[in-house]
Amino acid sequence: QVQLVESGGGVVQAGGSLRLSCAASGRTSSSYRMGWFRQAPGKAREFVAAFSWSGGSTYYAYSVKGRFTISRDNAKNTVYLQMNSLKPEDTTVYYCAARETSGQPMYVQKYNYWGQGTQVTVSS
């Protein structure tokens with residue numbers, strides 16, 4: 001089992017920045033890879049960013065590429081999502097997730113564990 005706890009959400013003005021954190025515990029970090037998703041009310045959960053299985057690459061949704069950056073601190077078992085140039089349409093709940101298998105990291109179905117989510121609100 002892997003437990004994931006997100007933090008760092010909040011309210012920010014358009015053009016501002018936030019950094020989300022996801023602390024993982026449980027199984028050894030080498031056995032899974034992390035990603036970030038978001039979900040607005042009444043909509044499907046959508047991919048935001050993730051690490052490749054090798055860990056050498058990162059993937060981003062087109063809507064956030066160039067503005068968001070996924071990073072990690074292995075010593076702290078923590079993954080971050082730095083969000084810059086935030087837009088009102090980025091307003092939603094953000095989730096971190098962990099997957100135990102390789103393959104395309106953009107699919108919700110690939111992930112085995114999920115955090116509780118953290119709300120991000122961008123005001124115009």
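No hydrogens, no waters, no symmetry mates; every other heavy atom, side chains included, goes into these values.
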Check against side-chain contact (heavy atoms from CB on, under 4.5 Å), Gln119 and Thr91: CA-CA 8 Å; Gln119 176 71 45; Thr91 294; 4.0 Å; yes
Below 4.5 Å, heavy atoms only, C-beta onward: do [X] and [Y] meet side chain to side chain?
X	Y	answer
Phe51	Pro105	no
Ile70	Tyr60	yes
Ser71	Gln82	no
Val122	Glu89	no
Ser21	Lys76	no

What's the spacing between [X] [atom1] and [Y] [atom2] if we round to 0.5 Å?
X	Y	atom1	atom2	result
Trp114	Glu6	CH2	CD	9.5 Å
Asn77	Gln3	CG	CD	11.5 Å
Arg33	Arg99	CZ	CZ	7.5 Å
Glu100	Trp53	CD	CH2	7.5 Å
Leu20	Trp36	CG	CH2	4.5 Å
Arg67	Met83	CZ	CE	9.5 Å

Would a distance-only check, ignoring hydrogens and angles, find a side-chain to backbone donor-acceptor pair under 3.5 Å from [X] to [Y]?
X	Y	value
Lys110	Ser102	yes
Thr121	Val11	no
Tyr111	Cys96	no

Give the minimum heavy-atom separation between [X] and [Y], together with the two atoms involved.
X	Y	value
Met106	Gln104	CE-OE1, 2.9 Å
Val2	Ala98	CG1-CB, 4.5 Å
Leu18	Gly8	CD2-O, 3.9 Å
Gly115	Tyr95	O-CD2, 3.6 Å
Pro88	Ala14	CD-CB, 4.1 Å
Cys22	Met34	SG-CE, 3.7 Å

Within one Ile-Leu-Val-Met-Phe-Trp-Tyr cluster: Leu81 and Val12, side-chain cutoff 4.5 Å: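 They do share one cluster, since a chain of ILVMFWY contacts under 4.5 Å joins Leu81 to Val12.
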same_hphob_cluster(Val79, Val48) at 4.5 Å side-chain heavy-atom cutoff: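 Same cluster: Val79 reaches Val48 through Ile, Leu, Val, Met, Phe, Trp or Tyr contacts under 4.5 Å.
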Phe68 and Tyr94 aromatic ring geometry - parallel, tilted or perpendicular at 30°/60° bounds: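 Geometry flag for Phe68 against Tyr94: tilted rings.
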